[in-house]
Amino acid sequence: MLQLTPSHSLHQPLLSPQSLPFSLLQTCKSQREAEQHHAISLKTGTFSHPAIASRFLSLYADPKINNLDYARSVFDQIEEPTLVSWNVLIKCYVGNQRSHDAIVLFYELLHELVPDNFTVPCVIKGCARLNAIGEGKQIHGLVLKIGLGLDKFVQSSLVSLYSKCGEIGLARKVFDQMLDRDLVTWNSLIDGYARCGEVEVAMELFDQMRERDSFSWTVLVDGLSKCGKVEMAREIFDRMPNRNLVSWNAMINGYMKSGDFEMARQLFSRMPTRDIITWNSMIAGYEFNGQFMEALELFQEILEEDIMPSHATLVSALSAVSGLATLSKGRWIHSFMVKHGFELDGVLGTSLIEMYSKCGSIECALAVFRAIDRKKLGHWTAIIVGLGMHGMADQVLELFLEMRKNGMHPHGITFIGVLNACSHAGLVDLGRYYFNLMINDYEIEPTIEHYGCFVDILCRAGCLDEAKNVIESMPMKPNKVIWMSLLSGARNHGNVEVGDYAARHLIDVSPDTVGCYVLLSNLYAAADKWEKVSQVREMMRKRGVKKDPGCSSIEHRGVLHEFIVGEKSHPRTKDIYCKLTEMREKLKSVGHVPDTSQVLLCLEEEKEKEAELENHSERLAIAYGLINLEPGSPIRIIKNLRVCNDCHSVTKLLSSIYDREIIVRDNSRFHHFRNGSCSCKDFW
DNA sequence: CTAGGGTTAG
C-alpha cells in the first residue's frame, strides 16, 4: 500500500537547483510578485522541478506573504508531490497555528508515501501544540513500524510531546532509549518534570547536565514557578548566569499567580526590558486575583506608554471591567478595539459579550452577539449565560434552540447557562428536562456545578425532598454551594427540618460561611424558635464568624464610588443622607412598610432594625445616583451580597417614584427595576 | 525547498 520510493524521481527534468531562480524568489515580498514568478516558472517548465515547487510552497507560507491556503492550492497543482513538498506544507501548517490541518495532511500523506525523519518531528510538534496525545501515540507506533524509532530528532520530538502532555513516564521511556541525547532533549525532559510538579527530579536532571544553555535555566525557573514553588524558582533565577526576558517573565508570572504582588512589582520595575508578555502577566495576574482596579491601572499605563495591547491584554482588561462592572470603561475598550481593528469573532467577542452582560447592559451584549458573523460555540454560550444572569429565561431557551438549529453542540458550560436561567425564572419542569437532555442526548457528565444549578432549581421551586434525593445520590461530595441552596430553599419554604439538615452539612464543609448562620437564624426566627436563634448567634460569636459588610458601587464620570453599609465617609455624605430622608418620606407616602424579617441578630428594637435597613449599601448608592446621574439615564449598581427583601421592594417603588430604570447586580444575578416592578418577578 | 526545546491570554 505504501510506496517506498517516489515513482517519479526518475523523470525529473535535468536541472540543478543552482540554475534556477532561487535568489529571485528569496526577494519576493508580496503575493503578486510571487505569483508573477510562479507564472513564469509554470511557463518555462521549471515548476515541474520538485525543489522549485517546494520553494514556492514555503514562499507562500512565509510570514511576509502568509497565504497558507494559496500554498495549499499550489501544492494541489503539483502533479506528483515529492516527500519534501509534503514536509514543507506540514511544517508550514504547524508554524502557522494550523496544526490540525497539518495532522490531516499527514494522514493523507500516508496514502501516498512513507514519511521520513523530517516529516515526523513536524507532525509530532503539531500534536504537541494541540495536546493531541492520542494522535501522538498512534504516530509513535507508526514511527517504530517504519524504522525511525532511533532517529535522534524523532525521539527528541516525542520526548517533547510527552513532556508537554503530562505523560512524563513515556517521555522518560523514550529518553532512556536514546543513544545520542543532546541539550534540547535534556531540556525537554526537565520541562516535563517541572510541569508535572516533580520538582526534585527536574532539579536532579538539571544538576546532572554537562552543559546548560539559557533554555535549561528558563525551563526550570518557569516550571518551578508554575507549580507553585516560587521561592525555589527564585533561587534558580538568582543563580542564572545570563537572565533573559523570558525568565524574568516566568518569575513575574509565578509571583502574580501566587498572589505575591509585591515581589512581582519589584522585579517588574527592576527588569532591563519588558515586552507585551510582561505586561500581560501583570495584568492577568491582578485580574486572576480579583484585583481589578490594579489590572486596569496597568492597562492604562500600557496605553500611556504607547504599547499596543495584544488580544490577551484586552481579554484580561475586559474581565477586570466585568469584575468592577464599570460600563463606561468597557465601552471605551470596545471602541478602542474597533478603532484598531481587533477581530471580534474569536475569544475577544466572547469577552465583550461577557463584559456587557456583567456590566448590566444585556442590550449591548446582544448587539455584539448579533453582529458577529461566524458565531462560535463560545459566543452562543456567553450570551446564553449572560441572558441567564439577567433572568431572561425565554430568550435563553429561544437562543438555545436557535443554536442547536445552527448545528452547534452545546457543551457543559452552555448547560450551566441554561440551567441557571431555569433556576432564576423558577422553571422547574424545564430544568429537569434540560438536565436530563444534557446527560442523555449530549452525553455530558454533570459536574458539581451542574448539580449545583439543578439542586438550586429544585430548592427554589420548593421541591426540597427531590433536591435532597439528588444531593444524596450524586457521585461527588456536595459542596458549600449545594448546601446553601438547600438551606435557603428550606428558609424560603419554611421547612425547619430540612434547614437543620442542610445547615449541619454546610457547617461541616465550610464552617466560615456567614450566609449559613444568617439563613439558619432567619429560618428559626420565622418559625418563632427564638431559643434556636440565640444558639446560632452564640455559635457565630464563638467561632468568630463575621458578616461581610454589604458594599455597593456605582460609576459616575469614569470613577467608581463605593459605599459600605452605614458608612459616612463619602465626600458627599451630607447630600446622600438628605436624599435618603427624602426617599423615606416618599416611600412612606406610597404606603411602604419596612420588612424587617431579614435583619439579622443583635438589634432588638424595631426602630433600630428599620434604620439598619435604610443604611443598606445599595440605598446609599441609589441616593448617590439620583443626585448625580443625568436624569433619565439608568442607575447601575453592583452589590457584593444578595439583595434583601426590603431593599428589593424599596427599589421597585423607587423606580416608579423617581421614574428611573435601576439595574442592580447582586452576587448571583441582575435585577432590572422599572415602573415599579423587577425583571426577576420577585423570584431570586 | 524540510527536522526536535521556553514565556501571557482563552
Side-chain angles (χ1 to χ4, degrees), chain A residues 17 20 22 25-26 49-62 71 78 81-92 94-95 115-126 128 148 151-161 163-164 171 174 178 181-192 194-195 213-223 225-226 244-254 256-257 274-285 287-288 309-319 346-351 354 376 378 382:
Chain A
L20 295 164
F22 277 112
L25 290 183
Q26 244 135 40
H49 194 291
I52 299 288
S54 301
R55 184 71 192 93
F56 274 108
L57 285 183
S58 54
L59 183 63
Y60 286 118
D62 189 275
I78 301 176
T82 58
L83 187 52
V84 176
S85 22
W86 286 89
N87 290 350
V88 169
L89 198 58
I90 290 175
K91 168 200 141 111
C92 292
V94 174
D116 67 4
N117 55 327
F118 283 80
T119 329
V120 173
C122 281
V123 71
I124 289 291
K125 184 178 176 178
L148 292 174
D151 181 88
K152 176 177 155 185
F153 283 94
V154 169
Q155 288 174 311
S156 186
S157 67
L158 286 167
V159 171
S160 165
L161 167 79
S163 284
K164 279 215 190 68
V174 177
M178 289 179 75
R181 303 173 193 120
D182 63 12
L183 191 55
V184 173
T185 329
W186 280 85
N187 287 344
S188 298
L189 190 68
I190 290 183
D191 184 30
R195 269 168 201 264
D213 62 2
S214 74
F215 217 111
S216 328
W217 290 90
T218 312
V219 161
L220 195 58
V221 167
D222 181 51
S225 70
K226 270 228 180 68
N244 53 13
L245 182 55
V246 177
S247 62
W248 283 92
N249 285 347
M251 268 323 300
I252 286 180
N253 194 40
M256 286 306 283
K257 280 279 152 59
R274 300 176 191 135
D275 64 0
I276 188 68
I277 291 171
T278 322
W279 289 92
N280 288 351
S281 300
M282 292 292 295
I283 296 176
E287 193 275 321
F288 174 81
S310 68
H311 276 238
T313 329
L314 292 165
V315 168
S316 300
L318 286 171
S319 301
V347 194
L348 274 180
T350 316
S351 297
E354 210 177 290
K376 305 211 174 80

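Here is the naming used below: chain letters follow the sequence lines, and residue numbers restart at 1 for every chain. Here the structure is a predicted model, which means the values were calculated and not measured.
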Spacing between [X] atom [atom1] and [N] atom [atom2], to the nearest angstrom:
| X | N | atom1 | atom2 | value |
| --- | --- | --- | --- | --- |
| A/Arg274 | B/dT8 | CZ | P | 19 Å |
| A/Asn280 | B/dG10 | CG | P | 10 Å |
| A/Ile124 | B/dT2 | CD1 | C1' | 16 Å |
| A/Asp275 | B/dA9 | CG | C1' | 13 Å |
| A/Lys376 | B/dG10 | NZ | C1' | 12 Å |
| A/Asp151 | B/dT2 | CG | P | 17 Å |
| A/Asn87 | B/dC1 | CG | P | 15 Å |
| A/Asp116 | B/dA3 | CG | P | 11 Å |

Is there a side-chain contact between [X] and [Y] (heavy atoms, below 4.5 Å)?
| X | Y | answer |
| --- | --- | --- |
| A/Ser351 | A/Leu314 | no |
| A/Asn249 | A/Asp275 | yes |
| A/Val246 | A/Val221 | no |
| A/Ser310 | A/Asn280 | yes |
| A/Trp186 | A/Asp182 | no |
| A/Gln155 | A/Thr185 | no |

Which nucleotide sits closest to the side chain of [X]: [options]?
| X | options | answer |
| --- | --- | --- |
| A/Cys122 | B/dA3, B/dT8, B/dG5 | B/dA3 |
| A/Thr218 | B/dG5, B/dT7, B/dG6 | B/dG6 |
| A/Val315 | B/dG10, B/dC1, B/dT7 | B/dG10 |
| A/Val88 | B/dC1, B/dT7, B/dG4 | B/dC1 |
| A/Phe153 | B/dA3, B/dG5, B/dG6 | B/dA3 |
| A/Ile277 | B/dT8, B/dG5, B/dC1 | B/dT8 |
| A/Lys91 | B/dG6, B/dA3, B/dG4 | B/dA3 |
| A/Phe118 | B/dT8, B/dG4, B/dA3 | B/dA3 |

>> Applying the 5.5 Å / 30° rule, does A/Phe215 stack onto the base of B/dG5?
In response: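 The ring of A/Phe215 is stacked on B/dG5.
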> A/Asn87 pairs by side-chain hydrogen bond (donor to acceptor under 3.5 Å, both in side chains) with which of A/Asp116, A/Asn117, A/Thr82?
Replying inline: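 Looking at A/Asp116, A/Asn117, A/Thr82, the match for A/Asn87 under the side-chain hydrogen bond (donor to acceptor under 3.5 Å, both in side chains) is A/Asp116.
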Give one of base, sugar-phosphate or nothing for [X], where a contact means two heavy atoms less than 4.0 Å apart.
| X | value |
| --- | --- |
| A/Asn117 | base |
| A/Val347 | sugar-phosphate |
| A/Ala284 | sugar-phosphate |
| A/Asp182 | base |
| A/Arg195 | sugar-phosphate |
| A/Thr119 | nothing |

Can you find a side chain N or O atom of [X] that sits less than 4.0 Å from OP1 or OP2 on [N]?
| X | N | answer |
| --- | --- | --- |
| A/Lys125 | B/dG5 | yes |
| A/Lys226 | B/dT8 | yes |
| A/Lys152 | B/dG4 | no |
| A/Lys257 | B/dT8 | no |

Pair of N/O donor and acceptor under 3.5 Å linking [N] base with [X] side chain:
| X | N | answer |
| --- | --- | --- |
| A/Thr185 | B/dG4 | yes |
| A/Asn187 | B/dG6 | no |
| A/Ser156 | B/dG4 | yes |

